[in-house]
*Asks:* 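Structure provided below as structure tokens; questions to follow.
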Amino acid sequence: MIDPRILRDDPDRVRAAQAKRGLPADVVDRALSADTARRESISAFESLRAEQKQLGKQVSRAQGDEKAALLDRTRALAADVKTAEARQAEAEAAWVETLKEIPNLAADEAPAGGEDDYTVLEHIGTPVEFDFEPRDHLELGRLLGAIDVERGAKVSGSRFYFLTGVGAQLEFALVNLANETARDHGFTQVIAPSLVRPRAMDGTGFLGQAADDVYRIEGEDLYLVGTSEVPMAAYHSDEILDAGSLPLRYAAFSPCFRKEAGSHGKDTRGIIRVHWFDKVEMFVYTTIEDSFAEHQRLLSIEKAFLDKLELAYRVIDTAAGDLGLSAQRKFDCEAWIPTQGRYRELTSTSNCTDFQTRRLDTRARFPDGTRHVATLNGTLCAIPRTIVAILETHQLEDGSVRVPEALRPYLGGVDVLKPVDVG
RNA sequence: GGAGGCGUCGCCUAGUCCGGUCUAUGGCGCCCGCCUGCUAAGCGGGUUUGGGGCUACAACCCCAUCGAGGGUUCAAAUCCCUCCGCCUCCGCCA
């Protein structure tokens with residue numbers, strides 16, 4: 001959630017931020033009055049409670065009639081304290097609930113507007129031109145014996161797949177390349193749990209508007225994560241970190257699960273949009289002041305990774321309305337998908353500043369006090385979409401696929417994936 | 001899955017049986033100061049976190065915080081219940 005102090009001291013800034021995202025600003029006034037109500041209820045409770053404590057001390061010292069009289073008074077007071085405490089808890093909860101409706105304040109640099117109002121920052125590489133009719137990744141995957149969506153659907157339903165043979169090898173190769181890249185940049189490798197408690201899910205902002213997209217385990221208080229951003233953001237929850245330990249850079253591997261509710265009919269062919277995939281995700285804890293430079297750093301690592309895969313892509317600066325609840329700014333790298341004739345998101349990096357750490361209570365001790373830290377996340381490699389881009393971009397006329405040089409060491413030195421006879 | 005034990009303000013720890021004197025003890029570490037040729041030792045002080053009031057976002061005063069949440073009571077670290085976590089043993093199992 002946002003800093004309550006900003007809301008109190010500069011509500012107009014929050015109103016402007018809502019407008020930039022195309023959201024109503026009435027929540028600002030609701031939050032302000034909830035704050036007032038909360039503070040009043042706190043004062044009411046605290047003064048009663050102080051009185052109760054004073055009387056309590058007298059009770060323990062008093063004797064006989066005096067004690068009986070005190071007990072009479074204090075019995076009545078106890079009831080008042082109880083009601084006041086309940087009122088305070090209520091007011092506090094109402095305030096938090098309202099505050100949580102307000103998304104992170106978008107960066108000044110982020111373009112205003114919705115999904116289509118992004119700014120293209122740059123184009124890298126040139127989209128491939130073929131002198132033959134290119135096959136889409138599904139067909140290539142079939143020829144190579146790499147992707148099996150029919151059996152995926154049979155076993156698990158639509159939007160599921162098996163990666164087989166070189167498909168499976170490609171996943172391991174990409175994961176290994178991603179991990180090595182992460183290590184080179186000083187990230188600690190992590191394998192994160194993909195089932196989490198509500199606290200982690202809610203703390204990262206995924207139980208808000210995005211709740212429809214989240215799988216819940218029946219009969220348990222657990223959710224399947226849609227990204228390892230969730231366990232990694234919760235990793236240091238309720239902790240006060242040593243400021244000297246920052247930045248903390250993690251590269252977490254985990255499966256990701258998404259219901260894809262509301263995207264019926266979209267990307268139904270292939271493995272562009274699936275209910276489950278594996279991903280290596282960068283996650284960083286740092287100071288708010290350093291977070292902006294760190295965001296650029298994450299972007300540059302993502303770009304370098306796509307460069308290694310010899311893909312053509314563009315970088316966009318996502319508009320405020322498309323940032324999601326937690327982010328203050330977001331850059332997407334979109335790779336050119338030849339058979340779709342357009343750019344598709346492969347990686348995405350967000351600066352969430354102190355939005356998530358306020359909810360999850362992650363702070364650091366600085367020389368001048370304890371403050372919430374910033375969190376950032378960035379995709380290093382989301383497997384299926386990366387495989388799609390590689391297969392389609394590097395395909396040859398006979399259905400073979402050239403392996404980008406950087407990936408060859410992880411594929412036993414193979415430079416071309418060749419069609420196989422499949423049964 | 002069954003049985004038992006444990007969880008105290010960075011770490012260790014006293015307190016819990018028998019509720020009020022707990023404004024939570026002591027040690028270690030850390031910070032400030034004194035002392036000292038330097039260092040060490042010694043001496044003195046400080047050292048959870050969040051919130052409210054008042055304000056200069058200081059000082060100060062107050063409230064909460066003994067794993068979390070409820071309950072009993074005038075009063076809960078202490079009694080009761082639920083949950084979470086850790087440990088030990090048994091069973092089962094990759």
Side-chain angles (χ1 to χ4, degrees), chain A residues 1-11 13 31-100 191-203 216-217 219-223 231 234-246 248 255 288-289 354-373:
Chain A
M1 59 187 169
I2 65 162
D3 186 347
R5 192 164 295 162
I6 293 177
L7 183 75
R8 205 184 294 168
D9 296 346
D10 196 1
R13 188 176 155 203
L32 283 172
S33 60
D35 190 24
T36 309
R38 162 182 158 271
R39 282 146 77 190
E40 281 167 5
S41 72
I42 287 173
S43 293
F45 162 69
E46 285 187 352
S47 60
L48 283 171
R49 177 66 179 154
E51 190 183 348
Q52 185 187 38
K53 284 176 73 168
Q54 284 305 315
L55 286 177
K57 272 176 198 162
Q58 292 177 39
V59 168
S60 63
R61 283 192 297 262
Q63 294 293 327
D65 288 350
E66 193 193 351
K67 184 158 190 166
L70 277 171
L71 283 181
D72 272 352
R73 271 179 70 194
T74 208
R75 245 187 286 273
L77 189 59
D80 292 346
V81 169
K82 205 167 186 174
T83 353
E85 189 173 19
R87 278 210 191 101
Q88 186 207 322
E90 236 169 80
E92 192 102 37
W95 173 68
V96 169
E97 203 177 311
T98 313
L99 205 56
K100 280 167 86 171
I191 295 174
S194 42
L195 283 165
V196 298
R197 292 185 168 168
R199 171 93 196 281
M201 214 31 123
D202 184 52
R216 201 183 342 238
I217 303 296
E220 306 257 340
D221 244 358
L222 288 171
Y223 295 91
Y235 187 59
H236 287 299
S237 55
D238 298 323
E239 291 182 26
I240 300 177
L241 305 166
D242 175 6
S245 70
L246 301 175
L248 288 166
I288 292 172
E289 306 80 73
D354 53 350
F355 191 85
Q356 293 176 328
T357 58
R358 276 180 195 285
R359 290 177 161 216
L360 289 162
D361 205 14
T362 305
R363 289 162 293 164
R365 203 184 305 280
F366 298 92
D368 60 334
T370 306
R371 285 193 303 279
H372 292 277
V373 299

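Model, not experiment: these values are computed from the prediction. Hydrogens, waters and symmetry mates play no part in the numbers below; they use all other heavy atoms, side chains included. So that the names make sense, note that chain A is the first sequence line, chain B the second, and so on, each numbered from 1.
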*Asks:* Between Ile42(A) (CD1) and C54(B) (P), how many Å, whole number?
*Replies:*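 Distance, rounded to whole Å: 13 Å.
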*Asks:* Would you kindly give the CD-to-C1' distance between Glu239(A) and C11(B), to the nearest whole Å?
*Replies:*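 Between C1' of C11(B) and CD of Glu239(A): 16 Å.
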*Asks:* Between N or O atoms, less than 3.5 Å apart, protein on one side and nucleotides 80-84 of chain B on the other: list the pairs.
*Replies:*
| unit_1 | atom_1 | unit_2 | atom_2 | d |
| --- | --- | --- | --- | --- |
| C84(B) | O3' | Arg197(A) | NH2 | 2.4 |

*Asks:* If the sugar-phosphate is the primed atoms plus P, OP1 and OP2 and the base is the rest, what is the B/S/- string for nucleotides 59-65 of chain B, using protein heavy atoms under 4.0 Å?
*Replies:* ---BBS-
*Asks:* Tell me: CZ of Arg39(A) to C1' of C54(B), nearest whole Å?
*Replies:* 12 Å
*Asks:* What's touching nucleotides 72-74 of chain B from the protein side, N or O pairs under 3.5 Å?
*Replies:*
| unit_1 | atom_1 | unit_2 | atom_2 | d |
| --- | --- | --- | --- | --- |
| U72(B) | OP2 | Lys82(A) | NZ | 3.0 |
| C74(B) | OP1 | Arg75(A) | NH1 | 2.7 |
| C74(B) | O2' | Thr74(A) | OG1 | 3.1 |

*Asks:* Once side-chain hydrogen bond (donor to acceptor under 3.5 Å, both in side chains) is applied, do any residues pair with Arg199(A), and if so which ones, sequence neighbours excluded?
*Replies:*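 Partners of Arg199(A) by the side-chain hydrogen bond (donor to acceptor under 3.5 Å, both in side chains) criterion, ordered by chain and then number, come out as Asp238(A).
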*Asks:* Checking His236(A) now: which residues fulfil side-chain hydrogen bond (donor to acceptor under 3.5 Å, both in side chains) with it, not counting sequence neighbours?
*Replies:*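 Expected list: Glu239(A), Tyr250(A).
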*Asks:* Kindly write out the residues that satisfy salt bridge (charged side-chain N to carboxylate O under 4.0 Å, His left out) with Asp242(A), not counting sequence neighbours, or none if the list is empty.
*Replies:* none
*Asks:* Going by heavy atoms closer than 4.0 Å, what residues in residues 354-371 of chain A are next to RNA chain B?
*Replies:*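 Residues of residues 354-371 of chain A that come under 4.0 Å of RNA chain B are, in numerical order, Arg363(A), Arg365(A).
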*Asks:* Kindly state each residue pair satisfying salt bridge (charged side-chain N to carboxylate O under 4.0 Å, His left out) with at least one member in residues 69-79 of chain A, sequence neighbours excluded.
*Replies:* Asp72(A)-Arg75(A)
*Asks:* What nitrogen or oxygen pairs link the protein and nucleotides 22-25 of chain B at under 3.5 Å?
*Replies:*
none

*Asks:* Distance-only check: which donor-acceptor pairs under 3.5 Å involve side-chain atoms of residues 83-93 of chain A, not counting sequence neighbours?
*Replies:*
| unit_1 | atom_1 | unit_2 | atom_2 | d |
| --- | --- | --- | --- | --- |
| Thr83(A) | OG1 | Ala79(A) | O | 2.7 |
| Thr83(A) | OG1 | Asp80(A) | O | 3.3 |
| Glu92(A) | OE2 | Arg38(A) | NE | 3.2 |

*Asks:* What's the CZ-C1' distance between Arg5(A) and U55(B), to the nearest Å?
*Replies:* 13 Å
*Asks:* What is the separation between atom CG on Asp242(A) and atom P on C30(B), rounded to the nearest whole Å?
*Replies:*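 In whole Å, C30(B) P and Asp242(A) CG are 14 Å from each other.
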*Asks:* With sequence neighbours left out, what residues match Arg49(A) under side-chain hydrogen bond (donor to acceptor under 3.5 Å, both in side chains)?
*Replies:* Gln52(A)
*Asks:* Considering just the side-chain nitrogens and oxygens of Arg38(A), establish if one lies under 4.0 Å of OP1 or OP2 belonging to G52(B).
*Replies:*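 True: Arg38(A) side-chain N/O within range (under 4.0 Å) of G52(B) OP1/OP2.
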*Asks:* Considering only atom C1', compute the distance from C89(B) to C31(B) and round it to an integer number of Å.
*Replies:* 46 Å
*Asks:* Residues two or more places apart in sequence or in another chain: which of them pass side-chain hydrogen bond (donor to acceptor under 3.5 Å, both in side chains) with Glu40(A)?
*Replies:*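 Partners of Glu40(A) by the side-chain hydrogen bond (donor to acceptor under 3.5 Å, both in side chains) criterion come out as none, since no residue qualifies.
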